[in-house]
S.K.: 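So that we are looking at the same thing, I have put the structure below in structure tokens.
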Amino acid sequence: EVKEWINNMRKRIVLFLIILIFLSLIFIVLPKIGFYTFVFDQGEYEHSDESSTERISDLNELSPKTRELALEFLEKCEENGLNVRITETYRTQARQDILYEQGRTTPGLVVTWTKNSKHTKRHAFDICEDDTDDPYGDLEFFRKCAEIGKEVGFTPGYYFDEVQDMPHYELNRWWIQ
């Protein structure tokens, strides 16, 4: 009877470990290697020169899901009388590296806090207020835009804990790397 109990416990432990490995694969490993992004959010893009350091503001350079939500965001902003201009979408790693060095090893203000930006993965964009002399000066404009961004499914930089990044919007999903 003790041997039978031990065998049953072993079977349960093995089953538990198999389930744990399977769930880890689904929720940790596959998102980390970009499997779900590749399968569910892969797009065709015009810009492919990874050495380019130019600023790109074309919504078509965002991933399909990010672009879909960005269009919804822009529509809702317009409905609310907010005149939004997209200033940057996709960013090559070369451009990201240059921006990261700015204010650290090259002249200028620090404008990014990471070398691993959602911009380089096509899951982020930046905005400013259009048709104004001070496109970054109206804090109420950015607050209202952030509310709309959150409503449509973005993580607005306006709400970042450590360093507020009012113009920034990114798509964060568990399945996106």
Side-chain angles (χ1 to χ4, degrees), residues 27-71 73-74 77 82 84-130 132-139 141-150 152-177:
F27 293 108
I28 298 171
V29 175
L30 292 177
K32 193 76 171 165
I33 64 171
F35 176 78
Y36 297 118
T37 301
F38 178 77
V39 172
F40 299 115
D41 201 27
Q42 191 64 26
E44 299 279 330
Y45 308 107
E46 292 288 320
H47 191 85
S48 60
D49 180 6
E50 289 301 313
S51 65
S52 172
T53 58
E54 70 180 282
R55 179 187 300 248
I56 300 166
S57 59
D58 184 355
L59 287 176
N60 291 321
E61 293 299 323
L62 293 172
S63 75
K65 186 62 179 173
T66 307
R67 179 177 50 251
E68 174 190 323
L69 293 177
L71 290 169
F73 167 78
L74 290 171
C77 285
L82 300 167
V84 173
R85 178 170 36 112
I86 302 290
T87 59
E88 190 161 21
T89 56
Y90 170 63
R91 192 180 287 163
T92 64
Q93 190 60 54
R95 177 163 168 76
Q96 184 66 31
D97 291 344
I98 287 171
L99 291 175
Y100 183 79
E101 293 307 320
Q102 184 176 316
R104 293 177 177 84
T105 61
T106 62
L109 297 173
V110 171
V111 294
T112 186
W113 293 265
T114 183
K115 286 188 175 186
N116 186 24
S117 172
K118 294 279 186 173
H119 285 281
T120 64
K121 310 267 190 290
R122 301 178 189 266
H123 294 291
F125 62 93
D126 295 333
I127 68 163
C128 73
E129 186 173 9
D130 205 8
T132 180
D133 292 334
D134 189 8
Y136 297 98
D138 185 350
L139 301 181
F141 166 83
F142 285 103
R143 186 192 65 74
K144 289 176 181 176
C145 287
E147 288 176 7
I148 293 169
K150 194 172 183 180
V152 301
F154 285 118
T155 302
Y158 183 91
Y159 298 118
F160 286 179
D161 290 331
E162 291 184 28
V163 179
Q164 188 181 46
D165 188 359
M166 291 189 298
H168 184 80
Y169 293 79
E170 61 184 42
L171 181 62
N172 287 311
R173 299 286 191 270
W174 69 268
W175 51 271
I176 292 178
Q177 57 171 317

S.K.: Given side chains that start at C-beta, do those of I86 and L74 come closer than 4.5 Å, heavy atoms only?
M.R.: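 The answer is yes, as the side chains (C-beta and beyond) meet within the 4.5 Å cut-off.
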
S.K.: Measure from the side-chain N and O atoms of Q96 to the backbone N and O of T114, and report whether any donor-acceptor pair falls under 3.5 Å.
M.R.: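 Such a contact is found between Q96 side chain and T114 backbone.
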
S.K.: Would you say the side chains of T120 and S117 form a donor-acceptor pair under 3.5 Å?
M.R.: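 Absent: no donor and acceptor within the cut-off.
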
S.K.: Can you tell me if CD on E50 sees more than 12 non-hydrogen neighbours from other groups inside 6.0 Å?
M.R.: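 Yes, CD of E50 has more than 12 neighbouring heavy atoms, counting only those of other groups under 6.0 Å.
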
S.K.: So, does Q93 use its side chain to make a donor-acceptor pair with the main chain of K115 at under 3.5 Å?
M.R.: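 Yes, the answer is positive, given that a donor and an acceptor are paired below the 3.5 Å cut-off.
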
S.K.: Among T105, I98, T106, exactly one meets side-chain contact (heavy atoms from CB on, under 4.5 Å) together with Q102. Which residue is that?
M.R.: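 Only one option passes, and that is T106.
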
S.K.: Quick one: does Y136's side chain get under 4.5 Å of T87's, heavy atoms only?
M.R.: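 With C-beta onward as the side chain, the pair touches.
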
S.K.: Just by distance, do the side chain of D41 and the backbone of K65 share a donor-acceptor pair under 3.5 Å?
M.R.: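 Yes, because the side chain of D41 sits within donor-acceptor range (under 3.5 Å) of the backbone of K65.
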
S.K.: Looking only at heavy atoms, what is the nearest atom pair of A70 and F125, with distance?
M.R.: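 Answer, listing the atom of A70 first, then F125: CB-CE2, 3.8 Å.
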
S.K.: Measuring from E68:CD to L59:CG, what's the distance to the nearest 0.5 Å?
M.R.: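 Here the rounded value is 12.5 Å.
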
S.K.: Mind listing the side-chain donor-acceptor pairs of residues 155-167 below 3.5 Å, one per line with the distance, residues two or more places apart or on another chain?
M.R.:
residue	atom	partner	partner atom	Å
T155	OG1	N172	ND2	2.9
Q164	NE2	Y158	O	2.9

S.K.: Please report whether the ring centroid of Y90 lies less than 6.0 Å from that of Y45.
M.R.: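 No - the distance between ring centres of Y45 and Y90 does not fall below the 6.0 Å cut-off.
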
S.K.: Consider side-chain contact (heavy atoms from CB on, under 4.5 Å). Of L62, L171, T89, which one does R67 pass it with?
M.R.: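 Answer to the side-chain contact (heavy atoms from CB on, under 4.5 Å) test with R67 among L62, L171, T89: L62.
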
S.K.: Do you know the tightest heavy-atom contact between V84 and F73?
M.R.: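 Minimum heavy-atom separation between V84 and F73: CG1-CE2, 4.3 Å.
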
S.K.: Within the structure provided, determine whether T66 and F154 are in side-chain contact (heavy-atom separation under 4.5 Å).
M.R.: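 A side-chain contact under 4.5 Å exists here.
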
S.K.: Nearest 0.5 Å please: distance from the CZ atom of R85 over to the SG atom of C77.
M.R.: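 The CZ atom of R85 sits 14.5 Å away from the SG atom of C77.
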
S.K.: Decide, yes or no, whether a salt bridge links R55 with D126 under the criterion of side-chain N to carboxylate O below 4.0 Å.
M.R.: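 No, R55 and D126 are not salt-bridged.
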
S.K.: Say whether D49 and S51, considering side chains only, have a donor N or O and an acceptor N or O under 3.5 Å apart.
M.R.: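 Side chains of D49 and S51: pair found under 3.5 Å.
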
S.K.: Apply side-chain contact (heavy atoms from CB on, under 4.5 Å) to D134 and E129, showing your working.
M.R.: CA-CA 8 Å; D134 189 8; E129 186 173 9; over 6 Å; no

S.K.: Within a strict 4.5 Å, meaning less than it, do heavy atoms of the K118 and R91 side chains meet?
M.R.: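 Of all side-chain heavy-atom pairs linking R91 with K118, none is under 4.5 Å.
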
S.K.: Quick check: do H168 and H119 have side-chain heavy atoms less than 4.5 Å from each other?
M.R.: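 Yes. Closest side-chain heavy atoms under 4.5 Å.
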
S.K.: Using a 3.5 Å distance criterion without hydrogens, assess whether the side chain of E46 forms a donor-acceptor pair with backbone atoms of E61.
M.R.: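 Not confirmed, E46 side chain does not pair with E61 backbone.
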
S.K.: Taking E54 first and then R95, would you say they form a salt bridge - that is, a charged N and a carboxylate O separated by under 4.0 Å?
M.R.: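 Salt bridge between E54 and R95, a charged N being under 4.0 Å from a carboxylate O: no.
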
S.K.: Ion pair present between E101 and R104, side-chain N to carboxylate O less than 4.0 angstrom?
M.R.: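 Looking at E101 and R104, the cut-off is not met.
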
S.K.: Is there a side-chain contact between F141 and C128, using heavy atoms and a 4.5 Å cut-off?
M.R.: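 In short, these two side chains do not touch, never coming nearer than 4.5 Å.
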
S.K.: Decide yes or no for L69 and Y169: does some side-chain heavy atom of the first lie under 4.5 Å from some side-chain heavy atom of the second?
M.R.: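 Side-chain contact under 4.5 Å: no.
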
S.K.: What are the two closest heavy atoms between S52 and A94, and how far apart are they?
M.R.: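 Nearest pair, atom of S52 first, then A94: O-CB, 3.9 Å.
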
S.K.: In sequence, state the C-alpha distance, the side-chain angles, and the governing distance for I127 and F142, and then conclude on side-chain contact (heavy atoms from CB on, under 4.5 Å).
M.R.: CA-CA 9 Å; I127 68 163; F142 285 103; 4.1 Å; yes

